[in-house]
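Since the model is a prediction, treat every value here as computed from it, not as a measurement. Both ligands and their constituent atoms are indexed starting at 1 by order of listing.
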Amino acid sequence: MSPEQAVIVIGSGLAGLCATTQLIAHRIPVVMLDRAAKPGGNSIKASSGINGAPTRFQPPLQNDAADLFLADTRRSAGRPLAASVDAERARRETLITTLVTSSAEAVDWLADEQGVDLSTVAQLGGHSRARTHRGGAGQKPPGFAIVSALLESLDREPLFQLRTNTRVTRVVTAKEGQEEGKGGMLGVEVAGQEGEGNRTETLYGPLVFATGGFAGDTHGLLEKYRPDLAGIPSTNDAREGTQPLLEAVGAAVVDMEQVQVHPTGFVDAKDLAARVKFLAAEALRGEGGILLDGRGRRFVDELATREQVTAAVMASASPLEEETGLRQWDVSLLMDEGAAAASKTHLDFYRWKGLMRKTTVGELALPALRDTLQGYADVVSGKTPDVFGRTAFGNWTLKEVSSDSVVYVGKVTPVVHFTMGGVVINEQSQVLDKDGAPIQGLWAAGEITGGLHGQNRLGGSSLLECVVFGRIAGENAAAFHQEH
Ligand code: FAD
Ligand code: SIN
């Protein structure tokens, strides 16, 4: 295969893999570039699952429908959606509608065509129904399962070439492409691998950017757009964001200041000062887990949106006193045996890492714990309404609390997790310039794009956007390739 005839996909996370899978289905060669040593990006770490509604895996009696998912997504998007007008409003609405109305097909595509088990469904924060799909007990975590299924089938393809340790440093304009005799194609400049000195290489062709977000870019884009988040640890490795590469060739960006702080990153007692934390999957709360302050009191509906739960942690829990150079709070995540059994795969891993432990109510010695748990058990049994408004309780089964009641606990704190802002795209995944016009030969999908989620992304909707807009990008890049 000549790389000249290939579509160039930058980023080997879920968005890039989905675009590539579509391109290969049209028998179009793909060169995939990734700066990391191993493929998969943040996608491979995804822990709670992918949204879809309505699907055959959801509990049938809950009667989910696309319009309920649509309403939840709009509500969660908040002010950036509500305050937008005219073409911008229409663009955001169309992205949301495309995401939601393609969600059932996205889940079916992964399950039926890629062979991924998505048979377990949980309700995450801000959702009015259980619609976040992952594998059953003993299966791989969802990000790993999805990414490895796609990679395995691409690896068998002679038309697919993956180049890791290959960082894109610049996008080459169509004008430069014209001057180089490449027929006005865009291109990318890539840095030589370590040990190759300053050698750079330029590849020309249709480009699909799937380079993810900037939640780990602490001293770059985060400092520029959200200096107030300084000191909060992250679930993302410290890597720079790539939106500026596309801005340099005219792409517009939107909502760059909308950064998601997830309420529950694990605080490892052995490494309190770690800046990059393991995530305590939201599915743990979805399956019944609750959050407690330092005295053992609940303080929030644990299934409110991430934005709301994080705000409640910062307002109600005490800051951790240890000197770590980080801003962290004293919060415990607690599960009873019912919630724990439903989260067994996750829990086994977190216990093995020493991030959660099995104990009893008595051993925990938190002054308010026993009353809190009995109060919560009464809410779950329907004896009293929840003062915080929680209405979904997952698989919590503990009814009569004693000091011998078995529970599972871990320490958690808010973590910078996801960036809602990014390059502007339309529903065809075309990257738009500041006048709203598509930049020819350039598509983007996944976390690098902005505007779809507004001020809060619902858990499970990032994997979904990667599948939906990644596949659309692949389809449209394929049509462009065939035309030119
Ligand atoms: P990524 O998967 O991050 O891939 C981007 C790739 O681009 C990376 O491999 C990177 O190395 C490469 N790259 C970047 N810049 C360059 C460059 N200049 N040159 C070459 N390569 C480059 N979302 C959900 O919906 N459900 C979940 O359960 C879930 N769980 C999560 C758990 C964790 C711990 C984390 C961190 C995130 C989770 N998310 C979840 C969010 C979701 O995983 C990501 O937002 C999503 O996977 C992003 O996918 P992507 O393809 O856009 O980017
Ligand atoms: C999580 O498992 O809590 C992360 C889910 C997501 O980011 O969508």
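No N or O atom of A445 sits closer than 3.5 Å to an N or O atom of ligand 1. Between S47 and ligand 1, at least one N/O pair is under 3.5 Å apart. Note: an N/O pair closer than 3.5 Å links L14 and ligand 1 by distance alone. The shortest N/O to N/O separation between L463 and ligand 1 falls below 3.5 Å. Among the atoms of S462, some N or O lies under 3.5 angstrom from an N or O of ligand 1.
Which parts of ligand 1 touch F418 is read off a 4.0 Å heavy-atom cut-off, strictly below it: atoms 45 (O). Annotation for ligand 1: atoms under 4.0 Å from non-hydrogen atoms of A15 are 51 (O). Close approach of ligand 1 to T235 (heavy-atom distance below 4.0 Å) involves ligand atoms 36 (C). The ligand atoms of ligand 1 that sit less than 4.0 angstrom from a heavy atom of S43 are 1 (P), 2 (O), 43 (O), 46 (C), 47 (O), 48 (C), 49 (O), 50 (P), 51 (O). Which parts of ligand 1 touch G460 is read off a 4.0 Å heavy-atom cut-off, strictly below it: atoms 24 (C), 25 (O), 26 (N).
Closest protein heavy atom to atom 6 (C) of ligand 2: R306 NH2, 2.9 Å.
For atom 26 (N) of ligand 1, the candidate residues are A283, S48, G49; the nearest heavy-atom contact is made by G49. Taking all heavy atoms of T166, N42, L464 into account, the minimum distance to atom 3 (O) of ligand 1 is reached by N42. Residue A46 holds the heavy atom nearest to atom 31 (C) of ligand 1 of all those in P39, A46, G143. Checking T242, I146, T449, V467 against atom 15 (N) of ligand 1, the nearest heavy atom belongs to T242. Of the candidates H417, K45, R457, H417 brings a heavy atom nearest to atom 37 (C) of ligand 1.
By the criterion of a heavy-atom distance under 4.0 Å, neither the backbone nor the side chain of L463 is placed next to ligand 2.
Ligand 2 lies within reach of G460, whose nearest heavy atom is under 4.0 Å from it. Residue contact annotation: D34 has a non-hydrogen atom under 4.0 Å from ligand 1.
No option in T120, T55, D117 other than T55 meets the side chain to side chain donor-acceptor pair (under 3.5 Å) test with H133.
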